[in-house]
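Report on the structure given below.
These values consider heavy atoms only, across backbone and side chains, with no hydrogens, waters or symmetry-generated copies. Numbers for residues simply follow the sequence, beginning at 1.
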Amino acid sequence: MTSIATDATGMKQALALDEFAALTANTREPETLINAAAETVVRAIQVDRCSIYRRGEPACTVALAASAGAAAGEAEAELERMAVHALGSHQDNRVRSIRTDGALSVVIEGDSAPFGVCVAHRDSAEPFTCTDAEVVRSIVERLAVAFRRAHATRDKARLRALASSLEDAILEVTTDGRIFNWNDAAEKLLGYQRADIVGRSIGGLVVARQTVKEAFRALAETYSGQRRGPCSVTLARADGSTIGVIVRGEPIVLPDGRITAATLTMRDAREQQDRRVLTEQLQHAQRMEVVGRLAGGVAHDFNNILTVVAGYGELLRAKLDGHPRALKDLDEIHRAADSARQLIRQLLAFGRNQAMQPVLLDLAATAKSARGMLSRLIGEDVELSVVGDGPVMVLADAGQIDQVLLNLAVNARDAMPAGGKLTVETGVAQEAQGVFGVLTVADTGLGMDEITLAHIFEPFFTTKPPGRGTGLGLSTVYGIVKQSDGHITVESKPGRGSTFRVYLPLAAGKVVRFKTKAPDQKSPAAARNAPDSGTVLVVEDDNAVRSLLRSVLTSSGLIVLDAASPAEALDTIVNYRGTIDVLLSDVVMPRHSGPELASNLMLRYPHLQVIYMSGYAREDAGHRHVPSDAPFLHKPFPKAELMDVMCKALRARAASAASV
């Protein structure tokens, strides 16, 4: 800075500057610094007032930050205009100060853009000298330095707080490998106090001499400006134990481009592995959900096909009396249809779309009653043991639990090609989620490795040769257990057998409520008791199913109208002069649903009876508008069941009309 005269004025200026320098060295508050700078300018160059403006957004505007001396009054607008002009001139040609008659404007530099403008003003016409400009620039420079120091202190505090809050351990290391910073997570990970570790060499933490060399080689690469990692390193903890960590290195680059240190980020390798496992489990669950949805859709379409196959088979049986060989072939068709129906049940169980009929069930009694079936299934070369003391009451679908037990037994039998022992055990277990009834199925078979264990519940995954399995057995078990609000675990090692444990919530004291009502199974004679007249509107978007239903109902003496969609059904009845007694409708159809069609028809036919049918389970989300007391046929259904439900509907229609 240009020397200042040593006269009285110069001494006042020097004193004012010294006081301001002392203030900036000890103060980090921006508002205090700005006010002090304005007051120092007034004292040092003896002006009437000094105003400091912050640069606004957009850059062509300013806002008053501090003012000292006499009030500007009407001159305030002029001072603000001067500040804007100084900023504009600075941006255009880097002019730092502007002197005019009665005013001196000096731009306050910032890190990347001007912070603002300091404007000194005299009411008199006394001009500002070069010395005045130098003094103001000196004050402004000290103010800018103080701002940078305050910002740096604030940024360091923010970074320190951020580093302390991170879960990852952070070490800062000099070029010679000395640790000079260490966050709370590092202290927690390795057990050393910060005061005990700062200043030590990073090599003292690394286990094994060869690893130390590799660590310093990696640090050298980091100091050359490269990002390093992730890499695995074993470190020594304060208690003498060791821990594997995943390390990433990042060079610390100064503004001038020099690299004087590096930041090392560390994470427990076990935690990294746990996160990877959780990610894989999430992806697996998402895949299972997608395949489950696909299974539900496939089951719906397949059920329509089975309805046609089984339905026409029943119609054909009535025409083949006296043809035993043809009837024998027809029996094979029905057996194949039953096998397909069981496959569909497995798909629905996997997708958790199978209709449940939960009852209060004793797992111990179920296992004991299944002994005979399991003995025949597993063969004489496998020893069967059924263990369980006392009742184990759960709320579950008896048929589905039998299916779980059957599938697990089949899986165990296939794992013991040379014979072995199968143990079925029931009991009660206390888990973190509550008390569960446990069904354990253990074998002494071949066992499974970790790779196989990771996939056993996936649909269509099988280790059996082609043609020996569908790959749906264990995925079906998984679906049933999840649908029953339970969970399943498996323990297995190659050559040591496998143990499956099915956990179902204990149901002692619970009230049994059926989710679905099982259809009444009546003999064909019941169907023949149906009224010999009535009009039925059949609405079904599958042409083959609709044609079958028309044939079955027409052959029973009923008048049948049919439509492929709700819109077509409404068009059909526009010109129909008679009445409609029963609506037999699919639930899920394009554009409109069966319940929506029923609501429209009931406005015209108040005594209309409605029967719903679907290839989906009744609890499916698409069936939420189906009344809980409405008759429901789950495809595929036999002719006897259809005619029994139709008989009841026609009788209810007659009773409703008679009561009016």
Side-chain angles (χ1 to χ4, degrees), residues 296-297 299-308 310-311 341 344-345 347-349 351-359 397 399-400 483 512-522 526-527 530 534 536-542 545-546 548-550 552-553 556 558 560 562-563 565-566 569 580-589 592-602 605 607-653 656:
H300 170 264
D301 293 340
F302 205 8
N303 277 333
N304 279 338
I305 298 172
L306 285 178
T307 299
V308 175
R341 187 179 295 112
I344 289 300
R345 283 177 58 84
L347 280 171
L348 290 173
R352 306 182 206 176
N353 293 318
Q354 186 175 359
M356 291 182 62
Q357 298 174 17
V359 296
D397 185 305
Q400 289 189 352
Q483 192 177 16
V512 180
R513 291 186 175 88
F514 292 94
K515 294 185 178 180
T516 61
K517 183 178 181 181
D520 295 332
Q521 299 294 334
K522 299 291 184 179
V536 181
L537 174 59
V538 177
V539 185
E540 165 64 56
D541 57 344
D542 187 287
V545 174
R546 188 173 67 258
L548 169 67
L549 293 174
R550 183 173 58 245
V552 171
L553 296 173
S556 300
L558 299 173
V560 179
D562 64 272
S565 67
I580 295 177
D581 301 303
V582 179
L583 169 66
L584 175 60
S585 175
D586 196 8
V587 177
V588 180
M589 291 177 286
H592 299 288
S593 67
E596 289 174 330
L597 172 63
S599 298
N600 288 330
L601 290 179
M602 284 179 180
Y605 307 107
H607 305 294
L608 180 71
Q609 302 298 305
V610 183
I611 302 172
Y612 294 105
M613 56 184 173
S614 180
Y616 294 110
R618 185 164 190 159
E619 291 77 14
D620 191 270
H623 296 55
R624 58 183 177 273
H625 298 304
V626 175
S628 59
D629 58 347
F632 185 89
L633 295 171
H634 187 267
K635 300 174 184 176
F637 46 82
K639 177 183 176 181
E641 184 180 343
L642 169 63
M643 295 313 302
D644 182 54
V645 174
M646 187 63 64
C647 168
K648 293 178 179 178
L650 289 169
R651 287 175 177 170
R653 164 68 177 86
S656 175

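The side-chain hydrogen bond (donor to acceptor under 3.5 Å, both in side chains) check on Glu540 picks up Lys635, with sequence neighbours excluded. Residues satisfying the salt bridge (Lys or Arg N to Asp or Glu O under 4.0 Å) test with Asp542, not counting sequence neighbours, are none. Judged as a side-chain hydrogen bond (donor to acceptor under 3.5 Å, both in side chains), and not counting sequence neighbours, the contacts of Arg653 are Asp581.
Atom OG of Ser565 sits about 8.5 Å away from atom NE2 of His592, to the nearest 0.5 Å. In this structure, the separation between CG on Asn600 and CG on Leu583 is 11.0 Å, given to the nearest 0.5 Å. Atoms CG and CD1, from Leu650 and Ile611 in turn, are 7.5 Å apart once rounded to the nearest 0.5 Å. Separating the OH atom in Tyr605 from the CG atom in Leu537 is a distance of 8.5 Å, to the nearest 0.5 Å. To the nearest 0.5 Å, the span separating CZ on Phe632 from OG on Ser614 amounts to 4.5 Å. Atom CG in Asn304 sits 7.0 Å away from atom CG in Asp586 (nearest 0.5 Å).
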Step-by-step side-chain contact (heavy atoms from CB on, under 4.5 Å) determination, Leu549 to Val536: CA-CA 10 Å; Leu549 293 174; Val536 181; over 6 Å; no
Check against side-chain contact (heavy atoms from CB on, under 4.5 Å), Val582 and Met646: CA-CA 8 Å; Val582 179; Met646 187 63 64; 3.7 Å; yes
Working for side-chain contact (heavy atoms from CB on, under 4.5 Å), residues Val645 and Leu584: CA-CA 10 Å; Val645 174; Leu584 175 60; over 6 Å; no
Derivation of the side-chain contact (heavy atoms from CB on, under 4.5 Å) call for Met589 and Val539: CA-CA 9 Å; Met589 291 177 286; Val539 185; 3.8 Å; yes
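No donor-acceptor pair closer than 3.5 Å links the side chain of Gln400 to the backbone N or O of Asp397. Judged purely by atom type and a 3.5 angstrom limit, Ser556 uses its side chain to pair as donor or acceptor with the backbone of Val552.
Between Tyr612 and Gly594 the shortest heavy-atom distance is CE2-C, 3.8 Å. Residues His634 and Gly615 share a closest heavy-atom pair of NE2-O, 3.7 Å.
A heavy-atom distance below 4.5 Å is not found between the side chains of Leu601 and Val610. Side-chain contact between Thr307 and Leu548 is present, with at least one heavy-atom pair separated by less than 4.5 Å. Between Asp541 and Arg546 the shortest side-chain heavy-atom distance does not fall below 4.5 Å.
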